[in-house]
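Notes for the one structure printed next.
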Amino acid sequence: MSITGTLIVQLIVFLILVAFTMKFVWPPIAKALDERAAKIADGLAAADKAKTELAAADKKVESALGQARNESAQRLADAERRAQAIIEEAKGRATEEGNKIVAAARAEAEQQAVKAREALREQVAALAVKGAEQILRKEVNPAVHADLLARLQTEL
């Protein structure tokens with residue numbers, strides 16, 4: 001065979017090989033490539049969707065954290081206000097209790113002073129009776145002269 005015949009046979013074999021490849025081999029490869037491209041596109045879309053969801057979740061978390069911080073600050077402020085109110089109330093009660101104790105002590109001191117005055121009056125009356133007894137050189141009967149002694153006590 002000549003070189004031209006060999007070239008023609010090789011050309012025919014090549015064309016048959018190309019036709020066979022295009023008919024039977026190329027479609028599954030193209031299909032696999034298309035499926036792969038679709039999977040990659042789906043993966044990229046899912047990644048983009050996940051990124052947007054992550055960003056939205058981050059915003060929600062940040063918002064929730066901010067709200068929690070505000071609530072905790074509010075609760076701390078409320079607790080401080082309540083503590084101050086309790087302290088002020090306790091101070092008021094303590095002052096009130098102290099005033100009651102002072103008033104009771106004053107009343108007791110006044111009662112003791114009155115008792116002391118009464119005791120002093122009785123002693124002065126007894127001394128006056130003794131003095132009158134010595135002046136008169138006779139005994140004065142306290143039962144007989146009770147009215148006189150009572151007037152003397154009230155005058156003192």
Side-chain angles (χ1 to χ4, degrees), residues 1-129 142 146-147 149-156:
M1 258 205 199
S2 72
I3 192 131
T4 310
T6 306
L7 275 175
I8 292 177
V9 171
Q10 281 182 355
L11 184 62
I12 293 174
V13 170
F14 180 73
L15 288 176
I16 293 172
L17 182 65
V18 167
F20 178 78
T21 303
M22 298 217 31
K23 177 100 173 152
F24 297 106
V25 176
W26 187 256
I29 291 175
K31 183 179 176 186
L33 287 175
D34 288 342
E35 287 174 2
R36 177 84 172 144
K39 283 183 183 178
I40 290 173
D42 289 343
L44 289 174
D48 287 340
K49 183 178 177 183
K51 281 182 184 178
T52 57
E53 288 176 358
L54 179 64
D58 283 342
K59 286 181 183 177
K60 284 181 183 177
V61 166
E62 192 62 37
S63 172
L65 282 174
Q67 186 177 3
R69 285 185 193 118
N70 290 340
E71 287 178 7
S72 66
Q74 183 69 26
R75 286 182 182 164
L76 281 174
D78 289 345
E80 286 177 8
R81 273 188 251 122
R82 274 188 275 167
Q84 288 298 326
I86 289 170
I87 289 170
E88 291 300 320
E89 183 180 334
K91 283 180 183 179
R93 276 191 262 142
T95 302
E96 189 176 302
E97 191 67 30
N99 290 339
K100 285 180 184 177
I101 291 171
V102 167
R106 284 184 182 157
E108 187 178 337
E110 186 68 30
Q111 286 177 350
Q112 287 178 357
V114 168
K115 286 180 183 177
R117 282 187 201 127
E118 288 297 321
L120 186 60
R121 282 183 186 157
E122 288 176 11
Q123 289 176 357
V124 168
L127 283 174
V129 168
D147 289 337
L149 291 175
R151 267 190 292 146
L152 184 60
Q153 264 187 334
T154 56
E155 287 177 12
L156 294 176

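For the single chain, residues carry numbers from 1 onward in sequence order. What you are looking at is a predicted structure, and each value in this text was computed from that prediction instead of being measured.
- For Arg69, there are no side chain to side chain donor-acceptor pair (under 3.5 Å) partners at least two apart in sequence or on another chain.
- For Ile29, the side-chain contact (heavy atoms from CB on, under 4.5 Å) partners two or more places apart in sequence, or in a different chain, are Val25, Leu33.
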Please list, one pair per line, the donor and acceptor atoms closer than 3.5 Å that link side chains of residues 87-111 to other protein atoms, with sequence neighbours excluded.
{"unit_1": "Glu89", "atom_1": "OE2", "unit_2": "Arg93", "atom_2": "NH2", "d": "3.0"}
{"unit_1": "Thr95", "atom_1": "OG1", "unit_2": "Lys91", "atom_2": "O", "d": "2.8"}
{"unit_1": "Asn99", "atom_1": "ND2", "unit_2": "Thr95", "atom_2": "O", "d": "3.4"}

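- Annotation: ring pair (Phe, Tyr, Trp, His ring centres under 6.0 Å) contacts involving residues 48-94, sequence neighbours excluded, are absent.
- Taking CG of Leu15 as the start and CE of Met22 as the end, the distance is 11.5 Å to the nearest 0.5 Å.
- Under the 4.5 Å side-chain criterion, counting only non-hydrogen atoms from C-beta, Leu120 is in contact with Gln123.
- In this structure, Arg81 pairs ionically with Asp78, as a charged nitrogen and a carboxylate oxygen lie closer than 4.0 Å.
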Return all side-chain donor-acceptor pairs below 3.5 angstrom for residues 38-66, not counting sequence neighbours, or 'none' if the list is empty.
{"unit_1": "Thr52", "atom_1": "OG1", "unit_2": "Asp48", "atom_2": "O", "d": "3.4"}
{"unit_1": "Thr52", "atom_1": "OG1", "unit_2": "Lys49", "atom_2": "O", "d": "2.7"}

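- Under the ring-ring contact (aromatic ring centres under 6.0 Å, His included) criterion, Phe24 pairs with Phe20, not counting sequence neighbours.
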